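These values consider heavy atoms only, across backbone and side chains, with no hydrogens, waters or symmetry-generated copies. Bear in mind the structure is a predicted one, so any value in this text is a computation, not a measurement. Remember, it's 1-based here, ligands and their atoms both numbered in the order they're listed.
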Amino acid sequence: MFDKNKIRISDDCFLGKSFVVTEETDSTNSDAKRNCNMEEGTVFLAERQTAGRGRSGRKWESESGLGIWMSILLKPSAGTENVSSITLVAGLAICRVFRKLGVDAYIKWPNDIVVNGKKICGILVESLISGNEISVVAGIGINANHSSFEEELKDKATSYFIEKKEVCNREYLVGLLLESFDGYYRQFINNGFGSISEEYKKLCITLGKRVRVVNADSDYEAEAVDITTDGELIINKNGEKIILNSGEVSVRGIYGYV
Ligand code: BT5
């Protein structure tokens, strides 16, 4: 079982002031939403999610004991229009931690971390408003110690264990993630996404790629060319410049998953 007492974070890290760890839950994002009256920075972790969620109602496979299924409760005072950038802030923070540990990670805009063309981590940011307070839940799913995946995921998912060929110390990784997220999140709150967008772009594997853009009422190919200072993706569709907000679309690779 995940041991919260083994998580090491510095005193000035405002994330992870308290932890709620459960053996089984439907979704840690739902746990965080149900407990949005708790203090900012509370972290919800579960060994197993029975209804782990991806974006747009997709399912997130959350096998018992093998992953880091975690949600962080945030209470930004910034307007709701900034909420979608938090997905990107989390992605950058996570990508940096993997790289620090020697895992060759990149960000697939907006919410995936990929290694060798496969997904090691997905991020689901959700928000809710109660009274005049906005709560944002940053849900992070990391495949830590999977040695294989079921048929449906085996071509597009990977894990820390598969990539590094060593067991992932999940408590250690959670500590690093919270420290990293804390730093980038503060920068974002104080100076906006523009202050970290150049760093994001360097690690964004989507840029320069031909992508398929899929949303509720369209499906087309385009070239991913840039990221705005608000974290939107700029694409070129046959000479037409289109700006995509992360909440609206799914961007897929033409040749494989990335
Ligand atoms: C995501 O959605 O990638 C967001 C995943 C967020 C999961 C965390 S876990 C803690 C918190 N609690 C929750 O309930 N959720 C968050 P999306 O981009 O829509 O990707 C979903 C797709 O990823 C699925 O349709 C599968 O193809 C694939 N997938 C599902 N489980 C996966 C896994 N464990 N590893 C890699 N890919 C997976």
Chemist: Using every non-hydrogen atom in the two residues, find where I142 and I140 come nearest and quote the distance to one decimal.
Modeler: CG1-CG2, 3.8 Å
Chemist: Determine which pairs satisfy side-chain hydrogen bond (donor to acceptor under 3.5 Å, both in side chains) with at least one residue from residues 133-151, sequence neighbours left out, and list them in order.
Modeler: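 For residues 133-151: E151-K154.
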Chemist: Does the side chain of S218 come under 3.5 Å of the side chain of N215 through a donor N or O and an acceptor N or O?
Modeler: yes
Chemist: Can you list every pair where an N/O of ligand 1 is under 3.5 Å from an N/O on the protein?
Modeler:
| unit_1 | atom_1 | unit_2 | atom_2 | d |
| --- | --- | --- | --- | --- |
| ligand 1 | 2 (O) | R55 | N | 3.1 |
| ligand 1 | 3 (O) | K119 | NZ | 2.7 |
| ligand 1 | 12 (N) | T28 | OG1 | 3.3 |
| ligand 1 | 12 (N) | Q49 | OE1 | 2.9 |
| ligand 1 | 14 (O) | S27 | OG | 2.7 |
| ligand 1 | 14 (O) | R53 | N | 2.7 |
| ligand 1 | 15 (N) | R53 | O | 2.9 |
| ligand 1 | 18 (O) | N111 | ND2 | 3.1 |
| ligand 1 | 18 (O) | K119 | NZ | 3.4 |
| ligand 1 | 19 (O) | R55 | N | 2.8 |
| ligand 1 | 19 (O) | R58 | NE | 2.7 |
| ligand 1 | 19 (O) | R58 | NH2 | 3.0 |
| ligand 1 | 20 (O) | K119 | NZ | 3.0 |
| ligand 1 | 23 (O) | K119 | NZ | 3.4 |
| ligand 1 | 27 (O) | K156 | NZ | 2.9 |
| ligand 1 | 31 (N) | E61 | N | 2.9 |
| ligand 1 | 34 (N) | E61 | O | 3.0 |
| ligand 1 | 34 (N) | N143 | OD1 | 3.1 |
| ligand 1 | 35 (N) | N143 | ND2 | 2.8 |

Chemist: Would you verify whether the NZ or CZ of R99 falls within 45 degrees of the ring axis of Y106 while also being under 6.0 Å from that six-membered ring's centre?
Modeler: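 Output yes; distance and angle both within limits.
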Chemist: Is there a donor in the side chain of T229 and an acceptor in the side chain of S197, or the other way round, less than 3.5 Å apart?
Modeler: no
Chemist: For a quick check under 3.5 Å, do D12 and S10 share a side-chain donor-acceptor pair by atom type?
Modeler: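 Yes.
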